[in-house]
Structure formats: C-alpha cells, structure tokens
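Note that the numbering runs from 1 along the sequence shown for the chain. All values derive from a computational prediction rather than experimental measurement.
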Amino acid sequence: MVKKLIDLVRWYQTHVSIQRPFRVCRYEPSCSEYMVEALQRFGMKGLLLGLARILRCQPFSKGGFDPVPLHFTFKSYMDRQR
C-alpha cells in the first residue's frame, strides 16, 4: 500500500506539479517530497504526517525549512525549535 501511495505522489510530481509555472509550496522540502519521505520512514503513519503538512501549507503560513521528523510527531520543525 505504501509503495502505491509513493507511486501516486511520484505521478503527481511528474504530471501535475511540473506544469505549474512557479513553485507553489511554501516549505522546503516541498509537500510532495515530504510526503514521500514520511511514507518511507513511517509507513502508513507517514500518510498522516504528509496530510498534516499539506494542511499547514496555505497562504497565511510562514513556510520555510520543515523536514520530516526523526520520530513520529505532528509538531512542525519550527514548533520543535521553540
């Protein structure tokens, strides 16, 4: 199941995301890269992390560097630094 989700994200990256004229994601790594890494690291729990990240990626967020956590948590990198 995880492999199929990763393949779906890769398809999105190569067929949908590439057609946008500018970068949309406010975070580094991008939301799709974050989703793939979270799925690889945490399996199906990574899906929850990826979806939480997508919900945080909106016009009123600061954005910036927010890597996948080493341990499963919903806190973003910026929250973990405080």
Roughly how far, to the nearest 0.5 Å, is [atom2] of [Y] from [atom1] of [X]?
{"X": "D66", "Y": "E28", "atom1": "CG", "atom2": "CD", "answer": "10.5 Å"}
{"X": "S32", "Y": "R53", "atom1": "OG", "atom2": "CZ", "answer": "9.5 Å"}
{"X": "R10", "Y": "H15", "atom1": "CZ", "atom2": "NE2", "answer": "14.0 Å"}

Salt bridge (Lys or Arg N to Asp or Glu O under 4.0 Å) against K4, all qualifying residues, sequence neighbours excluded: none
Is there side-chain contact between S61 and R56, with heavy atoms separated by less than 4.5 Å? no
Less than 4.5 Å apart, side chain to side chain, heavy atoms only: is that true for S30 and E33? yes
Is a side-chain N or O of R26 found less than 3.5 angstrom from the main chain of Q58, in a donor-acceptor match? yes
Applying a strict under-4.5 Å side-chain criterion to I, L, V, M, F, W and Y, I'd like to know whether V2 and V9 cluster together. yes
Side-chain heavy atoms under 4.5 angstrom apart, residues restricted to Ile, Leu, Val, Met, Phe, Trp, Tyr: same cluster for I54 and Y34? no
Please report, to 0.1 Å, the donor-acceptor pairs under 3.5 Å made by any side chain of residues 37-51, with sequence neighbours excluded.
{"residue": "E37", "atom": "OE2", "partner": "R41", "partner atom": "NH2", "Å": "2.8"}
{"residue": "R41", "atom": "NH1", "partner": "V68", "partner atom": "O", "Å": "3.2"}
{"residue": "R41", "atom": "NH1", "partner": "P69", "partner atom": "O", "Å": "2.9"}

Using a side-chain heavy atom cutoff under 4.5 Å and only I, L, V, M, F, W and Y, what cluster partners does Y12 have? W11, V16
